[in-house]
Chemist: 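Handing you a structure now.
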Protein chains: 2
Amino acid sequence: MLLSDQAGQAAATKIPRPATLRESVIEAIQELIVSSQLKPGQHLVESELAELLGVSRQPVREALQQLSGEGWVDLHPGQGAFVHVPTLEEADQLLAVRTLLETESARLAAEHAGEGGVRQLRSLCARGIAAVQSDDVDSAVALNSELHALVTALSGNAVLAELASQVARRVRWYHTPVARQRGMASWDEHTALIDAIEAGDGQRAARIMREHTEHTRASYMEQRENDPVEPAPKPVRRRRPRTPQAG
Amino acid sequence: MLLSDQAGQAAATKIPRPATLRESVIEAIQELIVSSQLKPGQHLVESELAELLGVSRQPVREALQQLSGEGWVDLHPGQGAFVHVPTLEEADQLLAVRTLLETESARLAAEHAGEGGVRQLRSLCARGIAAVQSDDVDSAVALNSELHALVTALSGNAVLAELASQVARRVRWYHTPVARQRGMASWDEHTALIDAIEAGDGQRAARIMREHTEHTRASYMEQRENDPVEPAPKPVRRRRPRTPQAG
DNA sequence: TTTTCGTCGACTGCCTACAGCATACCGTCC
DNA sequence: GGACGGTATGCTGTAGGCAGTCGACGAAAA
């Protein structure tokens with residue numbers, strides 16, 4: 001047997017490459033943002049991030065640019081990078097787009113997902129329900145993302161899946177702090193969705209997904225109304241207080 | 001009158017900043033790709049591009065990474081950047097996504113576009129028809145893009161518009177070489193679309209836009225079947241022929 | 001002849017250094 | 001007292017340079 005055949009079969013054993021620094025930095029900054037260690041509107045100084053992460057400015061620059069492309073930070077030429085400030089309006093629009101993309105994904109998934117796909121969905125769903133029942137919120141949130149990602153993947157449209165994935169990441173940022181509410185209801189809807197997909201009923205799958213994401217959206221908007229955030233009214237460049245020249 | 005007020009009113013007069021080199025390089029490379037001076041699958045060597053454009057490697061690197069995020073080039077870590085090879089299947093999926101996004105945009109535009117919006121649409125449409133009648137294909141293609149962009153903008157959903165714009169750019173790349181066919185029929189459909197938007201009939205606008213983009217898609221697929229492209233079967237790293245050490 | 005290993009060349013990834021610019025501070029003039 | 005211009009400071013944007021790594025080629029072994 002040729003090694004390449006083996007590799008083809010067990011392709012899952014990809015070596016976790018030490019990845020480029022740039023990618024590591026991207027993930028690190030995303031983590032800093034979602035965990036609110038970097039606050040919306042905050043000026044991101046390249047040299048500070050570089051020192052904080054123990055790398056040079058170059059990987060940081062490249063990471064910031066990629067993050068800008070994905071909507072995490074805003075790049076003002078000559079001024080620098082600022083953590084994006086998620087408007088209520090923008091969040092609403094983003095959730096609307098997510099609804100659109102995922103609804104279509106569900107419709108297509110119902111038409112294209114085979115037995116294997118459905119089995120994977122069931123598995124994820126079971127684990128999600130277990131996580132909720134044991135109050136493991138973090139796992140539940142992660143599994144929720146995985147399940148939605150799998151649905152888009154099963155749509156058979158890679159471009160659609162990629163776009164949906166991008167949108168989902170941003171949604172997750174806005175959504176995470178207030179997502180811990182819906183709990184079990186969400187997973188009941190997931191189960192119904194999988195039933196529809198298994199039955200090959202695209203219309204029903206689409207309808208369920210639409211209602212599902214709209215529920216999420218409504219829950220988010222409701223949460224936000226009680227807890228508005230405006231931490232940086234002036235996204236102005238920060239200036240370090242005059243160093244008092246100790247000496 | 002305060003100067004800031006003036007600036008607020010005539011915000012269009014933003015100084016065309018000499019933009020960062022990175023942005024200039026991005027546009028230059030995009031231009032090189034759509035004009036087929038850089039062929040699909042071709043290995044993009046940073047130093048060569050840098051010399052060609054008269055800049056250093058850094059802006060080129062950053063540009064390539066941004067272009068990778070938008071699907072123009074593929075980045076293989078440790079190997080470099082390659083011009084993306086548009087599969088027939090992928091083009092189909094991309095066009096499907098475009099249909100989805102623009103259909104929704106049309107629906108929303110019908111609900112949100114005011115008189116001013118409709119007037120702008122009419123103006124663009126008139127200019128487009130004029131361009132077709134005078135066989136000015138380049139203008140017609142450009143105006144077509146502008147009109148679609150305006151529809152998405154009038155949807156009132158900025159996120160949706162941004163996404164649609166990204167997708168449209170890629171579509172334009174795949175599509176441009178074969179786009180010069182549809183001509184007048186396309187602009188008749190545009191007119192009907194604007195009528196629906198003006199009437200505030202979201203359902204009708206969506207239906208027209210769906211059929212419109214599906215026509216485009218069909219026309220594209222038809223063209224492609226007659227003219228398949230596979231310029232780089234092995235997207236392998238290019239190797240410069242051994243320099244014969246003259247001397 | 002086919003396979004395997006060693007070597008070479010070239011390119012990427014990263015770091016460091018420099019120039020330009022935007023902003024904030026502060027003394028001066030009206 | 002308020003506005004204006006000069007000056008200082010920190011940051012970004014860009015360039016150049018070095019080490020690591022990947023692929024290709026060629027020689028040696030089976």
Side-chain angles (χ1 to χ4, degrees), chain A residues 1-4 14-15 17-26 28 41-68 73-83 232 234-245, chain B residues 2-4 14-15 17-29 41-68 73-83 232 234-246:
Chain A
M1 181 192 278
L2 289 175
L3 196 62
S4 58
K14 278 269 184 67
I15 297 175
R17 305 262 318 193
T20 63
L21 270 189
R22 172 167 54 94
E23 294 182 40
S24 310
V25 171
I26 290 174
Q42 179 171 347
H43 183 198
L44 299 177
V45 180
E46 297 173 359
S47 51
E48 287 184 11
L49 284 173
E51 192 179 5
L52 178 66
L53 301 174
V55 299
S56 100
R57 272 181 56 211
Q58 170 115 349
V60 174
R61 272 183 70 81
E62 297 180 353
L64 288 176
Q65 282 165 24
Q66 180 150 343
L67 289 171
S68 151
V73 308
D74 298 319
L75 237 46
H76 296 242
Q79 250 181 298
F82 300 82
V83 180
K234 284 184 184 175
V236 77
R237 186 173 182 171
R238 184 191 48 187
R239 182 152 185 105
R240 190 184 310 280
R242 169 89 32 133
T243 49
Q245 289 294 353
Chain B
L2 290 175
L3 196 60
S4 57
K14 277 272 182 66
I15 298 175
R17 303 266 315 196
T20 64
L21 270 190
R22 172 167 53 94
E23 293 183 40
S24 311
V25 171
I26 289 175
E27 291 182 18
I29 295 181
Q42 180 172 346
H43 183 197
L44 300 177
V45 180
E46 296 173 358
S47 52
E48 288 184 11
L49 283 174
E51 192 179 5
L52 177 67
L53 301 175
V55 300
S56 98
R57 271 180 56 209
Q58 172 108 351
V60 174
R61 274 183 67 81
E62 297 179 353
L64 288 176
Q65 281 165 26
Q66 181 150 343
L67 289 171
S68 151
V73 308
D74 298 318
L75 237 45
H76 296 243
Q79 250 181 299
F82 300 81
V83 180
K234 282 184 186 176
V236 76
R237 187 174 183 172
R238 185 191 50 187
R239 180 147 187 109
R240 190 183 309 280
R242 168 88 32 129
T243 49
Q245 289 293 355

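Protein chains get the first letters and strands the later ones, always in sequence-line order, with residue 1 at the start of each.
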Chemist: What nucleic acid atoms does A:Leu64 come within less than 4.0 Å of, heavy atoms only: base, sugar-phosphate, or nothing?
Modeler: nothing
Chemist: Side chain of A:Pro59 only, please: which of D:dG13, C:dC15, D:dC22 is the nearest?
Modeler: C:dC15
Chemist: Could you tell me the separation between the NE2 atom of A:His76 and the P atom of D:dG13, rounded to a whole number of Å?
Modeler: 12 Å
Chemist: Measure from CD on A:Glu62 to P on C:dT12 and round the result to the nearest Å.
Modeler: 12 Å
Chemist: Could you give the CD-to-P distance, from A:Gln66 to C:dG13, as a whole number of Å?
Modeler: 12 Å
Chemist: Counting only side-chain heavy atoms from C-beta out, which of C:dC11, D:dT14, C:dC14 sits nearest to B:Glu48?
Modeler: C:dC11
Chemist: Go through C:dC14, D:dC11, D:dT14 for me and flag the one nearest to the B:Arg57 side chain.
Modeler: C:dC14
Chemist: May I ask you to verify if any side-chain N or O of A:Arg61 is less than 4.0 angstrom from the OP1 or OP2 atom of D:dG13?
Modeler: yes
Chemist: At 4.0 Å (heavy atoms only), tell me whether B:Leu75 reaches a base, stays on the sugar-phosphate, or touches nothing.
Modeler: nothing
Chemist: Mind calculating the distance between CD (A:Gln58) and P (D:dA15) to the nearest angstrom?
Modeler: 12 Å
Chemist: Answer whether the closest heavy-atom distance between the side chains of B:Gln58 and A:Gln58 falls below 4.5 Å.
Modeler: yes
Chemist: Whole-Å distance between C:dC11 P and B:Glu46 CD?
Modeler: 10 Å
Chemist: Considering just the side-chain nitrogens and oxygens of A:His43, establish if one lies under 4.0 Å of OP1 or OP2 belonging to D:dT12.
Modeler: yes
Chemist: Classify the angle between the aromatic ring planes of A:His76 and A:Phe82 as parallel (below 30°), tilted (30 to 60°) or perpendicular (above 60°).
Modeler: perpendicular
Chemist: Of the options C:dC11, C:dG13, D:dT12, whose atoms approach the side-chain atoms of B:Val45 most closely?
Modeler: C:dC11
Chemist: Might you point out which heavy atoms bring B:Ile29 and B:Ala63 nearest each other, and give the distance in Å?
Modeler: CD1-CB, 4.4 Å
Chemist: Of all residues at least two apart in sequence or in a different chain, which pass the side chain to side chain donor-acceptor pair (under 3.5 Å) check with B:Gln65?
Modeler: A:Glu62
Chemist: Take atom CD of A:Glu51 and atom P of D:dG10, then tell me their distance rounded to the nearest Å.
Modeler: 14 Å
Chemist: Below the 4.0 Å mark, does D:dC11 have OP1 or OP2 next to a side-chain nitrogen or oxygen of A:Gln79?
Modeler: no
Chemist: To check you understand the geometry: which heavy-atom pair defines the closest contact between A:Pro77 and B:Thr20, and what is its length?
Modeler: CB-CG2, 4.0 Å
Chemist: Which nucleotide in the list D:dT14, C:dT16, C:dT23 gets nearest to the side chain of B:Thr20?
Modeler: D:dT14
